[in-house]
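Keep in mind that the numbers below use all heavy atoms, side chains included, and drop hydrogens, waters and symmetry copies. Each chain gets a letter, A, B and so on, in the order its sequence line appears, and its residues count up from 1.
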2 protein chains.
Amino acid sequence: MGRPPSPLLSTERIASAAMELVAATGGFTMPDLARKLHVSPSSLYNHVAGRDQIVELLRERAMSEVQLPDDQPDRPWTAVVADLLRSYRRSFARYPRLIPLLTAYPVNSSHAMQMYNVLAVTLRRAGFGPADTLRVITLMDCFVLGSALDVAAPDEPWHSGEEVGPEFAAALATGIGKDDRADDAFEFGLAVLLRGLSAEA
Amino acid sequence: MGRPPSPLLSTERIASAAMELVAATGGFTMPDLARKLHVSPSSLYNHVAGRDQIVELLRERAMSEVQLPDDQPDRPWTAVVADLLRSYRRSFARYPRLIPLLTAYPVNSSHAMQMYNVLAVTLRRAGFGPADTLRVITLMDCFVLGSALDVAAPDEPWHSGEEVGPEFAAALATGIGKDDRADDAFEFGLAVLLRGLSAEA
DNA sequence: ACCTGAACACCGTTCAAGT
DNA sequence: ACCTGAACACCGTTCAAGT
């Protein structure tokens, strides 16, 4: 009781502990977090405005792992975009259980903004106008977010008692047991996307 | 108190009330739900196993609005897929606030299964093998889910204090104030997807 | 069979009290 | 400045008690 000689907590330590909890259990509660940090729940509020801010810190953590390319105008724009989207998705796929937490809030991180800037510059170079640039970025966001969610999906995605037709059953059979099913599907989707966009640009 | 002459509740009435609450407020709690139904919270458990089952009922409601085409092998497969994805996405975009609730659980509805069956049959007709069929369906799911989430995103998606480059700013400017921005982006993405897939098939 | 009220174990958050 | 314990208003769920 009373304040300790040097602080037990910090925003960083709280974020790290929350990240570990999400990775391990798929979520976090303030009591859990406090227990993990050997601290009382109310102590957290000395460093953090509330639970929502912690979620925001986690988003920053994930987002900051996205590798932004230094401007290399000699590489084809499709290669630049492909690398960026791979990194974008990998950053969130690393913490798949985090994504359902994030979808409830809007994007607001500074690193995200940098990423969108890089994308916009690259797409402009590819010949897209401003309106199409917004559409393309939206498409990429939808695709990456959806793909990251897919990583969190259960291994056997559909096994209700419903009738599965032979065509769908055959398709499902190619995926079961493969632990890189989601990665594989992402690479496929990425190729489809870039092919479709190349025709446009 | 004691049981009423005719039941006050039913699974359907509970689901409808929950749907209205989600549409109005973006979520629901058991006490809220009970209040809306003029009933005690504990009464709900006579008709429903718990909150999770109610969420599942909401998923069914949204999913059952997806229009499945009767098999028309004379239409081009891209047209069949386009209509299906539009309906799929519209069904969830109708309740955008619902989507963050749904992402936490796996898909398990019978109508969903029917939809996947139709997709698998159509893709097979288009010439996709079983493995690619799974990849394409995954891609479509990611895209539709992501797009539905996009509908729920705030009108001004990014307005942090960060630096917005001129290219991204120009792109953003084309979207602000347009209430059909998400619809427009979806149609664009759908076209890109189908163009990319046509090259594959 | 179906509704109620009391009860339980939880949650996020606040705040006076300590050093 | 920073931690604590008690307290508050909430949540989902259970269950004996009623008819």
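Residues Val151(A) and Pro96(A) approach most closely at CG1-CB, 3.9 Å, considering heavy atoms.
Using a 4.0 Å heavy-atom distance criterion, Ser43(B) is classed as a base contact.
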Problem set entry | Pairing string, 5' to 3', for DNA chain C - Watson-Crick or wobble contacts under 3.5 Å, brackets [ ] where pairs cross, | to another strand | ||.|||||...|||||.||
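For Gln53(B), the CD atom is densely surrounded, since the number of other residues' heavy atoms within 6.0 Å is greater than 12.
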Expected list for residues 43-50 of chain A: side-chain donor-acceptor pairs under 3.5 angstrom, two or more places apart:
{"from": "Ser43(A)", "atom 1": "OG", "to": "Ser40(A)", "atom 2": "O", "distance (Å)": "3.2"}
{"from": "Asn46(A)", "atom 1": "ND2", "to": "Ser43(A)", "atom 2": "O", "distance (Å)": "3.4"}

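In this structure, the side chain to side chain contact (heavy atoms under 4.5 Å, CB included) partners of Ala199(B), at least two apart in sequence or on a different chain, are Arg195(A). Taking Arg125(B) as the reference, nothing meets the side chain to side chain donor-acceptor pair (under 3.5 Å) condition, with sequence neighbours excluded. Remark: Arg89(A) pairs with Asp183(A) by the side chain to side chain donor-acceptor pair (under 3.5 Å) rule, at least two apart or across chains. Applying the side chain to side chain donor-acceptor pair (under 3.5 Å) criterion to Arg35(B), with sequence neighbours excluded, gives Asp32(B). Judged as a side chain to side chain donor-acceptor pair (under 3.5 Å), and not counting sequence neighbours, Ser10(B) has no contacts.
Side-chain contact, Arg61(B) with Ser16(B): a donor N or O sits under 3.5 Å from an acceptor N or O.
Residue pairs meeting the ring pair (Phe, Tyr, Trp, His ring centres under 6.0 Å) criterion with at least one member in residues 23-43 of chain A, sequence neighbours excluded, do not occur. Note on residues 178-201 of chain A: pairs passing ring pair (Phe, Tyr, Trp, His ring centres under 6.0 Å), not counting sequence neighbours, are Phe143(A)-Phe186(A).
Closest-nucleotide positions on DNA chain D for Ala49(B) and Arg3(B) were compared, and the one nearer the 5' end corresponds to Ala49(B).
Within residues 30-42 of chain B, the residues having any heavy atom closer than 4.0 Å to DNA chain C are, in order of number, Val39(B), Ser40(B), Ser42(B). Remark: nothing in residues 9-24 of chain A comes within less than 4.0 Å of DNA chain C through any heavy atom.
Counting 5' to 3', DNA chain D first comes under 4.0 angstrom of a heavy atom of chain A and last does so at the ends given by dA1(D) to dG5(D).
Aromatic ring orientation, Phe128(B) versus Trp77(B): perpendicular (interplanar angle above 60°, classes split at 30° and 60°).
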Problem set entry | Pair Glu65(B)-Arg90(B), salt bridge (charged side-chain N to carboxylate O under 4.0 Å, His left out): steps then yes or no | CA-CA 9 Å; Glu65(B) 292 179 10; Arg90(B) 200 182 320 116; over 6 Å; no
